[in-house]
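Here the structure is laid out as structure tokens; the discussion comes afterwards.
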Amino acid sequence: MPNLNSLIQSITHDVRHLIPEEIDKAFASIKCIDLISKPLGSKILSYSDEWFAAAENLTTPTAPVRKPGVFTHAGAWYDGWETRRHNSEEADWVVIRLGVASGKVKGIEIDTSFFSGNHAPEIAVQGCFGDDDEAIKDPNYDGWQTILSKQECGPNQRQAWLLPKETEDAFTHVRLLMFPDGGIARFRLFGSAVPIFPSSADQSFDLAALVNGGIAIDCSDEHFGTKDNLLLPGRGVDMGDGWETKRTRGEHIDWVIVRLGTEGEIEKLVLDTAHFRGNFPKEMQVFAGHFGDKDPDSHHNDDWVEILEPQPAGPDQEHEYEGDVLKEVAGKAYTHVKLVIIPDGGVKRLRVIGRRRMW
């Protein structure tokens, strides 16, 4: 492995350290997603060591847990990545392919929850852009560039760093470095997707998918499940990876606003209530709007256009709407959609199938 001190150069721009109470609000305010979240499709390609706990745990979307008194053949059980003591190299490392085609990084979180006395003393993060996984996962790969220079880690806590706005390079892979060894519970790479769109204007795809740059920017409520889950790949594993609001009484609606990954003409909507069997909405309705590069200032904005009238919803199924059921979509392009559920409930996925507006 090349000398790491020659690779981890100091970043001359100001990197803002965030205390735990600031982390969620800071990254939500700049509309970030976790580019290496496991449900998004990220992949651990290689690592230097994982004797005590697997590197795969780093990208688990839920918060780490503790099981005191539980031991494995290797030692105490930890929900994270933990390597052996007395590393003979400068650092332990793990290489991860992003869950999107590529992404721009805006911030990094390292969570050392429940690692105390065995936590990582320092970390750094590198990135690269390429399509050769075999070459990139090699310890001697020399195409890395610094995303975050060496930072001190504390025990049993969340810590994060907000990168400067001028950090604009797109990456396909990242390498987390841990100096010299120890344990980390979770690693989050906050940023925005840089998708690869179909070259043909006639090809349809999901305009709202996270992997295509879509992002849920606002919602009325997300008591049981977050709005970001709506745009994940696949149909998930249980109710926990969908969007679910709290119960209400009387007349009510809940809503979520999604910025599409690109301006497009909508051809089909798919509203999936997978795993929601006794808590699906009574009805579902969809609006669309063209707001250019800006997000709508309100879900009440007068520029919203109804493209799907309220439709009865059923449990644990994909509801598909196209053709004459959709209104105001033929020949029109939109940048945002608003899903309304009446009066409340849970939806697993929202798909907005369409073609990219090329002119």
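- Contact detail for D206 and R351: the closest heavy-atom pair is OD2-CD, 3.1 Å.
- Remark: K67 qualifies as a cation-pi partner of W77 under the 6.0 Å distance and 45° angle criteria applied to the six-membered ring.
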From CA spacing to verdict: side chain to side chain donor-acceptor pair (under 3.5 Å), S204, E267: CA-CA 8 Å; S204 300; E267 301 171 331; 2.5 Å; yes
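- Counting only N and O atoms by type, the side chains of S220 and D254 include a donor and acceptor under 3.5 Å apart.
- No continuous path of hydrophobic side-chain contacts links L176 to I23 [ILVMFWY only; heavy atoms under 4.5 Å].
- For the pair R356 and F197, the tightest heavy-atom approach, listed with the atom from each and the gap, is NE-CB, 3.5 Å.
- For the pair K106 and F190, the cation-pi criterion (under 6.0 Å, within 45° of the ring axis) is not fulfilled.
- A side-chain donor from one of H336 and D295 sits under 3.5 Å from a side-chain acceptor of the other.
- Looking at E263 and H290, their side chains do bring a donor and an acceptor atom within 3.5 Å of each other.
- T248 and D344 share a donor-acceptor pair across their side chains, judged by distance under 3.5 Å alone.
- Heavy atoms from other residues, nucleotides or ligands lying under 6.0 Å from CG of D131 number 12 at most.
- Taking 4.0 Å as the cut-off between side-chain N and carboxylate O, D79 and R186 count as a salt-bridged pair.
- The hydrophobic clustering, which links ILVMFWY residues whose side-chain heavy atoms are closer than 4.5 Å, places I217 and V340 together.
- Looking only at side-chain heavy atoms (C-beta outward), N279 and M239 come within less than 4.5 Å of each other.
- The aromatic ring centroids of Y78 and F114 lie 6.0 Å or more from each other.
- A donor-acceptor contact under 3.5 angstrom links the side chains of K38 and T60, judged on distance only.
- V94 places none of its side-chain heavy atoms less than 4.5 Å from the side chain of S46.
- The shortest side-chain heavy-atom distance between H319 and V270 does not fall under the 4.5 Å cut-off.
- In this structure, a donor-acceptor pair under 3.5 Å is absent between the side chains of E309 and Q285.
- Crowding of D297 atom CG: a count of heavy atoms from other residues, nucleotides or ligands under 6.0 Å exceeding 12.
- Closest non-hydrogen pair, I96 versus S42, comes out as CG2-CB, 4.3 Å.
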Please evaluate residues W161 and Q151 with respect to the criterion side chain to side chain donor-acceptor pair (under 3.5 Å), reporting the C-alpha separation (whole Å), side-chain torsions for both, the decisive distance (0.1 Å), and the verdict. CA-CA 9 Å; W161 299 269; Q151 303 291 329; 3.3 Å; yes
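- Hydrophobic cluster membership is shared by Y321 and W304, with clusters built from Ile, Leu, Val, Met, Phe, Trp and Tyr side chains linked at under 4.5 angstrom.
- Taking 4.5 Å as the limit, every side-chain heavy atom of D181 sits out of range of all side-chain heavy atoms of R84.
- Pairing each heavy atom of L189 with each of D34, the nearest pair is N-OD1, 3.1 Å.
- For the pair L162/F27, a side-chain contact is recorded, criterion being any heavy-atom separation below 4.5 Å from C-beta on.
- Side-chain atoms of D241 and H275 form no donor-acceptor pair, as typed in the model, at a separation below 3.5 Å.
- Between K137 and E134 there is a salt bridge, since at least one side-chain N of the basic residue sits less than 4.0 Å from a carboxylate O of the acidic one.
- By the criterion of side-chain heavy atoms lying less than 4.5 angstrom apart, applied directly or through intervening Ile, Leu, Val, Met, Phe, Trp or Tyr residues, F115 is not grouped with Y47; the two fall into different hydrophobic clusters.
- Between R158 and E109 there is a salt bridge, with a side-chain nitrogen of the basic residue lying less than 4.0 Å from a carboxylate oxygen of the acidic one.
- The side-chain heavy atoms of L271 and L350, taken from C-beta on, include a pair separated by under 4.5 Å.
- The minimum heavy-atom distance between W144 and C128, with the atom names listed, is CZ3-SG, 3.7 Å.
- Inter-residue side-chain proximity for I257 and P296 is flagged as met; some heavy-atom pair is nearer than 4.5 Å.
- Contact check on D316 versus K348 returns no salt bridge, with no Lys/Arg side-chain nitrogen under 4.0 Å from an Asp/Glu carboxylate oxygen.
- Across every non-hydrogen atom of S113 and P64, the tightest pair is CB-CG, 3.6 Å.
- No close placement of the F129 and F171 rings is indicated, their centers lying 6.0 Å or farther apart.
- Counted by atom type alone, W81 and E50 present zero donor-acceptor pairs between their side chains at under 3.5 Å.
- In the hydrophobic cluster analysis, where Ile, Leu, Val, Met, Phe, Trp and Tyr join through side-chain heavy atoms closer than 4.5 angstrom, I307 is grouped together with F291.
- Between D272 and R235 there is a salt bridge, since at least one side-chain N of the basic residue sits less than 4.0 Å from a carboxylate O of the acidic one.
- The environment of NZ in K327 is crowded: more than 12 heavy-atom neighbours from other residues, nucleotides or ligands sit within 6.0 Å.
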